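First comes the structure, then the notes that go with it.
Hydrogens, waters and symmetry mates play no part in the numbers below; they use all other heavy atoms, side chains included. Just so we're clear, the structure is a prediction, and the values are computed from it rather than from any experiment.
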Amino acid sequence: MPDPTPAEILADPQLWPAEPPQAMELQRRLAPQVRCEPLPARSVRLVAGLDVSYDNTRLAAAAVVMDLTTMRVVETATGAGTPRFPYVSGLFAFRELPPLLHALDGLRCRPDVLLCDGAGQAHPRRCGLACHVGVLLNRPTVGVAKSPLGTPGGVPERGRGAWASQRHGDTEVGRVLRTRSGVRPVYVSVGHRVTLEDACALTLRATPSYRLPEPIRAADQLSRRRLAEQH
DNA sequence: GCGACAG
DNA sequence: ATCTTGTCGC
């Protein structure tokens with residue numbers, strides 16, 4: 001059957017537990033559904049950056065789609081909402097996903113891959129936000145976090161492109177990647193339907209100038225503006 | 001029990 | 001996440 005739409009996901013009560021124990025249980029069910037597979041590199045052109053801003057009362061999400069070959073913004077969409085779940089480390093998908101799905105629902109184009117502001121498999125239950133949204137939508141996703149969740153990983157060399165592994169026992173759950181020489185690295189992990197290698201390569205391609213990928217920076221700014229103009 | 005803890 | 005402008009340095 002066809003991939004679920006953001007609206008269908010939002011409407012499914014089974015996917016929105018109210019309490020942390022049930023949320024953790026859902027993550028344990030989603031984690032095994034993550035698939036690591038090569039992202040057909042030449043077909044990757046449209047990359048969507050996702051981010052959420054919030055204050056005490058409201059959440060505002062943004063999706064910014066950019067064409068990687070030109071680095072131009074192709075389309076943007078936003079979504080808003082009221083917090084339905086407390087902030088709990090390791091569970092923030094349950095807080096940020098609803099407005100994010102509203103934003104994705106407003107997109108007319110179909111991005112080749114989604115870049116998420118947060119962890120993918122580098123997560124206590126191997127189901128960070130990037131895995132969560134990727135599995136639910138059955139779309140390729142990559143997690144790019146500004147700080148590590150759990151295992152800090154190694155320290156990469158100073159130059160752009162250098163990386164070190166983030167391991168959980170014998171498995172490499174993510175990479176500490178230097179996107180700018182001499183600048184604090186980012187933490188890249190697989191969300192869904194990408195390999196860790198492709199996730200890092202894509203992150204670098206999407207990050208020509210600053211520490212964070214351009215689509216994520218744009219989504220950060222847009223969601224912030226969206227939040228500001230609500231009040 | 002204590003500390004750490006994506007955004 | 002957010003409170004927040006200019007400023008020091010490569």
Side-chain angles (χ1 to χ4, degrees), chain A residues 20-21 23-24 26-28 30-31 34 49-64 78-103 114-135 141-153 157-160 166-168 173-192 196 199-200 203 209-213 215-231:
Chain A
M24 291 170 74
L26 178 54
Q27 289 182 326
R28 292 192 182 89
L30 295 176
V34 168
L50 273 32
D51 196 23
V52 180
S53 294
Y54 41 90
D55 56 25
N56 293 314
T57 335
R58 305 284 298 170
L59 299 164
V64 175
T78 60
T82 301
R84 299 178 186 182
F85 200 92
Y87 171 73
V88 179
S89 178
L91 295 178
F92 79 56
F94 296 93
R95 183 180 176 80
E96 300 200 349
L97 226 40
L100 223 32
L101 289 167
H102 279 299
L114 273 29
L115 277 186
C116 304
D117 183 35
Q121 291 193 303
H123 175 280
R125 289 166 294 282
R126 304 209 54 186
C127 189
L129 175 70
C131 297
H132 204 126
V133 61
V135 168
T141 58
V142 171
V144 181
K146 295 183 289 296
S147 62
L149 210 200
T151 166
E157 298 301 308
R158 187 175 189 284
R160 167 177 156 91
Q166 253 183 310
R167 314 195 142 280
H168 187 72
V173 296
R175 284 181 184 174
V176 186
L177 178 67
R178 197 82 71 178
T179 53
R180 272 199 87 177
S181 296
V183 170
R184 191 154 56 100
V186 296
Y187 301 79
V188 179
S189 57
V190 168
H192 188 48
L196 185 52
C200 289
T203 298
S209 315
Y210 299 91
R211 179 186 177 227
L212 295 176
I216 289 184
R217 295 185 68 240
D220 175 82
Q221 293 170 12
L222 179 56
S223 66
R224 198 171 312 217
R225 290 201 304 269
R226 182 72 155 78
L227 182 67
E229 66 196 21
Q230 280 185 134
H231 273 179

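Rounded to an integer number of Å, the gap from A/D117 CG to C/dA1 P is 6 Å. Counting to the nearest Å, the C1' atom of B/dG7 and the CG atom of A/L100 are 12 Å from each other.
Using a 4.0 Å heavy-atom distance criterion, A/P124 is classed as making no nucleic acid contact. As judged by a 4.0 angstrom heavy-atom cut-off over every strand, A/R224 is placed among residues touching the sugar-phosphate backbone only. A/L91 comes within contact range of at least one nucleobase, with a heavy-atom separation under 4.0 Å. Within the nucleic acid shown, A/N56 has no heavy atom closer than 4.0 Å to any nucleic acid atom. Residue A/G150 is out of contact with every strand shown, counting any heavy-atom pair closer than 4.0 Å. Within 4.0 Å (heavy atoms only), A/A119 reaches at least one base atom of the nucleic acid.
Residue side chain A/Y54 fails the stacking definition with respect to C/dA1, as its ring centre and the base's six-membered ring centre are not both under 5.5 angstrom apart and under 30 degrees in plane angle.
Distances shorter than 4.0 Å separate none of the side-chain N or O atoms of A/Y87 from OP1 or OP2 on B/dC5. Checking the phosphate oxygens (OP1, OP2) of B/dG7, no side-chain nitrogen or oxygen of A/S89 falls inside 4.0 Å. At the phosphate of B/dA6, neither OP1 nor OP2 sits under 4.0 Å from any side-chain N or O atom of A/K146.
For A/D51, counting side-chain heavy atoms from C-beta on, the closest listed nucleotide (C/dT2, B/dG7, B/dA6) is B/dG7.
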Item checked: Which nucleotides of DNA chain B pair, in dot-bracket form (Watson-Crick or G-U under 3.5 Å, | meaning another strand) -> .......
